[in-house]
Amino acid sequence: MRETWFKRARAGVITAAVLALVFGFAPTLYNNSSLLFMMMTYIVLAQGLNLLYGFTGYLPFGYVGFFGTGAYATALLVMKLHLPIALAIAAGPVASMVVAVVLGPLLRLSGAYFSIANLAASQILFIVIGNPNMQDITGGPYGVKIDQVYNPTASYAAMVMLVVGVTLIATFFRRSRFGQGLKAMADDPVSAEMSAIPVVRMRLLAWLTSAAVAGLAGALYAWNLSVFYPDAVFTLEISVFAIVFALFGGVGTVLGPIIGAGLLYALYNAIGISEPQYFQLIYGVLIVGLVMFLPEGILSLLTRRGINVF
Amino acid sequence: MSALLEVDKVEAGYGAVQVLWGCDMVVNKGETVLLLGVNGAGKTTLLRTLVGLQPCRGGAIRLAGEDVTGLGPDARIRRGMAYMSELGVFPTLSIAENLRLGAYGASNAEARRRAEAMYQMFPALAQKRRSAAGSLSGGQRKMLGLAKALMSGAEMIFMDEPSSGLAPVFVTQVIETLKGVIGGGTSLLIAEQNIAFLELADRGYLMDHGKMAVSGTRAELESSDAVRRAYFGVGAEG
Amino acid sequence: ANAPSVIKIGTLYAGSGNFAVASQAQYKGLEFWAKRVNAEGGVYVKAYGKKIPVKIVAYDDQSSTSTATTLYNQLITQDKVDLVVADFGSVLTSVAIPLAKEHKMLLIDPTGSSAGFFKEKTDYLADVSIPSSAVWPMPLAKFLEQEHIKKIGIIYGSNDFDGSQADTLKAEFKKVGITPVFDHAVPTGERNYTVLLHSAAAARPQALIELGYLPNDVAFLKSLKSSGLHFPFVFTIFPGQFKQLMEKNVGKDALKYTYSYPAPPMIKYEKVNLGMNTDQFLKAWGKTHDGAEANFVNAGGYNAGILMAKAMGTAPQFTQTDLHKALLGMSGKITTVLGAYKLSPTGAQLGQRLPVAQFQPQKDGSLKTVVVYPASHKTGDAIYPAPQG
Amino acid sequence: MSSEPILALTNVAKSFGGFQVLTDVNFELKPGEILGLVGPNGSGKTSVINLISGVHQPEAGTIRFDGAEIQRLTPHARVKLGINRSFQVPKCFISMSVRENIEVAAHFSGHDADIPAILEDIGLSGMEAAPAASLTANQQKMLDLGRALATGPKLLLVDEIGAGLNPAELTGIADLLKRIAARGISMIVVEHLMEFLNKLTSRVIVLSAGKIIFEGSLGDASHDPEVVTAFFGGAA
Amino acid sequence: MQALLEYAIVGGVLYGIFFGLVAVGLNLIFGVMRIINLAHGEFVILGGFGAYWLSTSLGLNPLWGLPLAALGAVVIGFPLYYAVVPGLQRSRDPEMLSFILFFGLAQIIDAIISLGFGPDQRSLPDEALGGGTISVLGQAFPDSWWVAAGVAILAIMGLWLYLTRTRLGFATRAIMANRDEAFATGIAVDRVSAIAFVIGLALAGAAGVFVPYLQGSVAPGIGNNLTTTSFAILIIGSLGNPVGTLFGGLVFGVGSMLMQTFYASWSDLVPYVLLVVIVLLRPQGLFGKAVRNA
Ligand SMILES: Nc1ncnc2c1ncn2[C@@H]1O[C@H](COP(=O)(O)OP(=O)(O)OP(=O)(O)O)[C@@H](O)[C@H]1O
Ligand SMILES: Nc1ncnc2c1ncn2[C@@H]1O[C@H](COP(=O)(O)OP(=O)(O)OP(=O)(O)O)[C@@H](O)[C@H]1O
Ligand SMILES: [Mg+2]
Ligand SMILES: [Mg+2]
């Protein structure tokens, strides 16, 4: 008795719909849309990272590399080739997938070796793109400016769609045999091969999907920001935030990264706005405290009680 | 004969699952005791609890009359226990280093002497003494684990299936070696399935679903129906 | 319209990260201004015909552009501030530019001087304090030319601030037929100049120019001193702005005979027609800051304040466009603690050029800032080549 | 009935970091046959299985399965062709339940496996919801076997599944393997326990130090002096 | 040309040895506890500020920062270890959880330094470590560099001796290899790990004492960069081996300096490109041992 496709996807569709509603209507109640936009960006990044880490065990320390690549691909296509913004945005994930293919051999590594090699790769991208010798091609350290296509409303709407999209992708990972295969690989790649799982190909697929999500997020971010310097889209802080948010919520689930990113990012801003002088201190203490008392992430509150989290 | 190890109504488990239900057991000084029981009966869990790797949820464990229930594995091992786990080695350390760790408390010279004895027993290990333990074959790991436990020179050694996966030639050798060890006054508690080990044992216990079902001398065990049933799969009908 | 009870001025500062030092200096300057006007009952706002106190709403962006984006937006949309002052530097200013345009808010930009911001005409941006970094090295180039120094080495950081200066310098040299004998961009995070200095020395330049951020200059000067190398002419940017800090960090010995842009208050403007002149400013600052010496960026923050005040005092309506017009209208007519105030039509600062000065050791062991170029500000002759030892 | 061999190894060799693990290994396996592979510890038995199943690639020689060379194929491709194995050191998917362990294999191999029957075979029915991590080492080995069966293999490589079992349990496993073989599945069984092998097959290959030193019946093996010294020891 | 090359190599060796020291504490903590100590760079900076405080407030030679680092490591390290690490180890995925926890810790340390010392750069006087230069192959380098390299070599060799020649060190390596088996062997895993944790912090702090000399200054907020570079260096050299880390540092130092001599604007790439290339060629790092997987 196989469940029907819809039955399996139902929780995901509901989650996506709720997110669409929340972020669709939020600006009417709270019109700091930059904050909402950033929150969505981090939800997408945390979820994109979860696709890779939560399901394959590969923790991409340099996840921001894909984000930056997407942002730059979009910005440069608008600046240099004057492509229409929609096309330029579509190029974002394509560019980051190309980078992911080039970095494919990193998947031969495991554990910390992979994480740090990936971090190195993102730094390489950053250094190359932001290098003064690249001024004619990427703008080098002088950054990029595409304010002719600046459109906060449209980019906001696009980001809402991306949040929905990535939630559905995560649902697929969580509820499909594909995702189960990924988890098997994470447990034991040799046994997975012996279960007829094409380990290398599936890992690459997860890697590409994850990269594309970050690339698209980067593209929309570039559109929303429209003026930025290389470090705005390549700073390691973005990787670290995405990882911390995803882990905090609980990886390997669909809701975890959403809740983790939503909650911690909201806290981050709440503290930044209410207690700017002690911003860092309070945020640090809070995170340490949360981890010590909820060592398995927020969702462990449920799983500990035997509730299976989606 | 004085009791070296006394196990008094020990309970243990994993998370919500209780595995051991009030296990009683005694191992006397210099005695070899065999722990029998089908797959999943709780032998490994009992050994791990005795050495302190698994928290004891009830009952008491005494070593030479002293209560060790509250002590961690390091403290128990310092008091004269040793444990040979089912599969564990230090994979990235060399074989020589693994052995040295077996004699963690001993002096360098003493450890070297004991290691040489181990290499004689298992030439395969001698050949690879500089290689990483993680490159060994399954059986070679077993040899290493056994050698490591013997290196300790402890007076109470727990062994979890020392012969499983060993070729007959080595099983014979292990039994011979253990005979030598027993002669030296060491007490052994061996969870084992190979009948050949019965010849070593003074006494034995049969575990069933986390409880001690039968205990007795070798002869008593050999004639016990329950043991026959569990162990040889015969006698169930008759 | 009804007069508000306070004028809310929103700004950001970096409590930590790359820009923390400079950003907090700027913020302190702005606070200093606010305290002073409030002590006098507030700023005079022409549109309401009376003085109104000002209130600064400030958040910590931790030097992060993404945090800065949300916080600028918070200032505009939630706090509904009346004026927005950008955080320090081009990087943290950049993200505010599109937001200002979107919300039709004037962005008062004290230190974000990237040439890229001012390419097109906008009603929502005014660089009030610091000239575009691209024009900073003009006097330096002229001075080198005047001194007939032809073999020049340049080391500069890979960032907008330093890169644009290096570009300007090189373009100016090209005009007179000079190509640098040593020309290296280094990563912005570079802290190790030992090898670079050696390579530079091998090219035997008559002048070595290092364009970096403050930590670069500290590392550069310290490396230079401890390397035992000697160059006849060494230029770095930050000693002219943070002389005290630099003296403490690299030592007077390492600074002697080096050149820099002496920024106000190191060069003094006595005749000003808006706010305090340099000496008054220094004195007032010392009084409220336990005797600490004000630096350039402090002055920049203060300067932004007085220009805003003047704009509010002239704009017929309290609207962003009128304030912008007022700021443009003041261009060329005003001299402040930072010197002449001159805006291009796109809002770029053109006045307030930075001269060239040399730190000359005195008998008492102190270092005197001697302006050596241009002639109009000159207070002494350059000692060239720098004596060894 | 001169049927083609289902598996043939020709001059297979393998080394690790200069250490020669297998030298010139040649043997064939007929469809439906059970072959015993024995030898002292470290003689290369598991390595043979690793090479056939594709976990490692041979340095020299060919491996043919069903007439086609397979030594360059990925492990999962070999699984699809019908080769599977169990592991000497259990390697199940420990974050999954028992049932999921088997389901995954069934799904990806595209084999329409009868999961309840497999669970019954490996003695884990009733435990399908238990996390694999909570199984004993021996149970995990059985789960490994179940996973292999779920892919519908034609050739099954069994690595020391009997180690650590008591005679009663061994009999049970021997019966299980015989039943599996009866479905036409060829098998290579690595084992040290001769009584156990005896119940399954008469043909064995004896490896020693990476070379085949004997091929023939188990009975003959125990009288071969070389085999006796290498494998059985003096007291065979 | 040749002088430049020699200069870059000698400088690279000194700089690299020092970076070996910066990274080695991270290696120890990561190797033993599988903790991703994102606050590593902050501990390094704490060492730098400690030395600064000693020299400005108490007028002591900054080298007193070394014993201060050791003392600080004991005072901070033991309580910190017992407060967080055993709990982490019991969790489902300690390695990843440590990531968040130490990110939070890094924020706290950074904030405390900022509140205590302000955001400014701080330097130390050259004279304190000699103030002159020492030449090798005719290439002069400041005394402070030699002192830093000397201390680094002593510390790393000391650590190596500790790990290979002492019982505690041996136990430490055993824990790195297999924590469960270490328990079963009778090693007091928590105590040995706590000591390793403290040693790791002390080494970080000791490295920090020289940061103002080799990097011109210390300032809050530069920790990130140090952490990242340290990770690269330790992976180049492979986990668990201090000599490997020293070697990783050398590869990084010499590579960076050569790059700086010839293509200065790309010199930032060096540690990262080296890392990627080395790890792709030898997935266990330069000094690692491979282990079979079936
Ligand atoms: N980590 C664990 N979590 C939950 N349950 C466990 C765990 N380890 C063992 N068990 C359960 O405890 C029971 C006893 O296991 P134990 O390993 O002690 O048996 P054993 O007698 O050693 O078996 P074997 O002969 O297979 O080694 C089994 O039912 C097993 O499923
Ligand atoms: N990946 C590897 N790296 C290094 N050496 C290896 C590797 N795999 C196997 N070996 C070596 O090859 C030899 C044969 O190992 P293998 O596992 O095939 O033995 P085996 O016959 O299965 O032994 P056992 O009966 O103990 O399981 C051993 O000496 C082992 O150390
Ligand atoms: Mg067991
Ligand atoms: Mg084997």
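These values consider heavy atoms only, across backbone and side chains, with no hydrogens, waters or symmetry-generated copies. None of these values were measured; they are calculated from a predicted model.
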Revision key, fill the gap. Under a 4.5 Å heavy-atom criterion, the part of residues 181-196 of chain A in contact with chain E comprises Val190(A)
Practice item. Can you tell which part of Phe245(A) gets under 4.5 Å to a heavy atom of chain E, answering side chain, backbone, both or neither? Key: neither
Practice item. Look up atom CZ in Phe103(E) and atom CD1 in Ile243(A), then write down how far apart they are to the nearest 0.5 Å. Key: 10.5 Å
Practice item. Measure distances from Leu119(A) to the heavy atoms of chain E and classify the residue's part below 4.5 Å as side chain, backbone, both or neither. Key: side chain
Point to revise | Portion of Leu59(A) that has a non-hydrogen atom of chain E nearer than 4.5 angstrom | key: side chain
Point to revise | chain E contact via Tyr113(A) - side chain, backbone, both or neither, heavy atoms under 4.5 Å | key: both
Study note, to complete from the structure: Answer key: most heavy-atom pairs under 4.5 Å with chain E among Val251(A), Asn131(A), Leu106(A) is Asn131(A)
**Study point:** Point-to-point distance, once rounded to the nearest 0.5 Å, from CG of Asp268(E) to CZ of Phe126(A)
**Key:** 8.5 Å
Point to revise | chain A contact via Leu38(E) - side chain, backbone, both or neither, heavy atoms under 4.5 Å | key: side chain
Point to revise | Residue part contacting chain E, namely of Phe241(A), when any heavy atom lies under 4.5 Å | key: side chain
Exercise for review: Check whether Phe30(E) gets within reach of chain A through its side chain, its backbone, both or neither, counting any heavy atom under 4.5 Å.
Suggested key: side chain
Revision key, fill the gap. Applying a strict 4.5 Å limit to non-hydrogen atoms, the region of Ile278(E) in contact with chain A is neither
Review point. To the nearest 0.5 Å, how far apart are CD1 in Ile112(E) and CD in Gln280(A)?
Key: 10.0 Å
Check your understanding: Considering only heavy atoms from C-beta outward, does the side chain of Leu109(A) approach that of Val279(E) to under 4.5 Å?
Key -> yes
Check your understanding: Non-hydrogen atoms of chain E under 4.5 Å away: do they reach the side chain of Leu103(A), the backbone, both or neither?
Key -> neither
Exercise for review: Below 4.5 Å from any heavy atom of chain A, which atoms of Leu275(E) appear? Answer side chain, backbone, both or neither.
Suggested key: side chain
Exercise for review: Sort Leu281(A) into side chain, backbone, both or neither according to what part of it lies under 4.5 angstrom from a heavy atom of chain E.
Suggested key: both
Revision key, fill the gap. Exactly one candidate in Tyr53(A), Phe61(A), Phe248(A) meets ring pair (Phe, Tyr, Trp, His ring centres under 6.0 Å) with Phe99(E); the answer is Phe61(A)
**Study point:** Heavy-atom contact with chain E under 4.5 Å, split by part of Phe114(A)
**Key:** neither
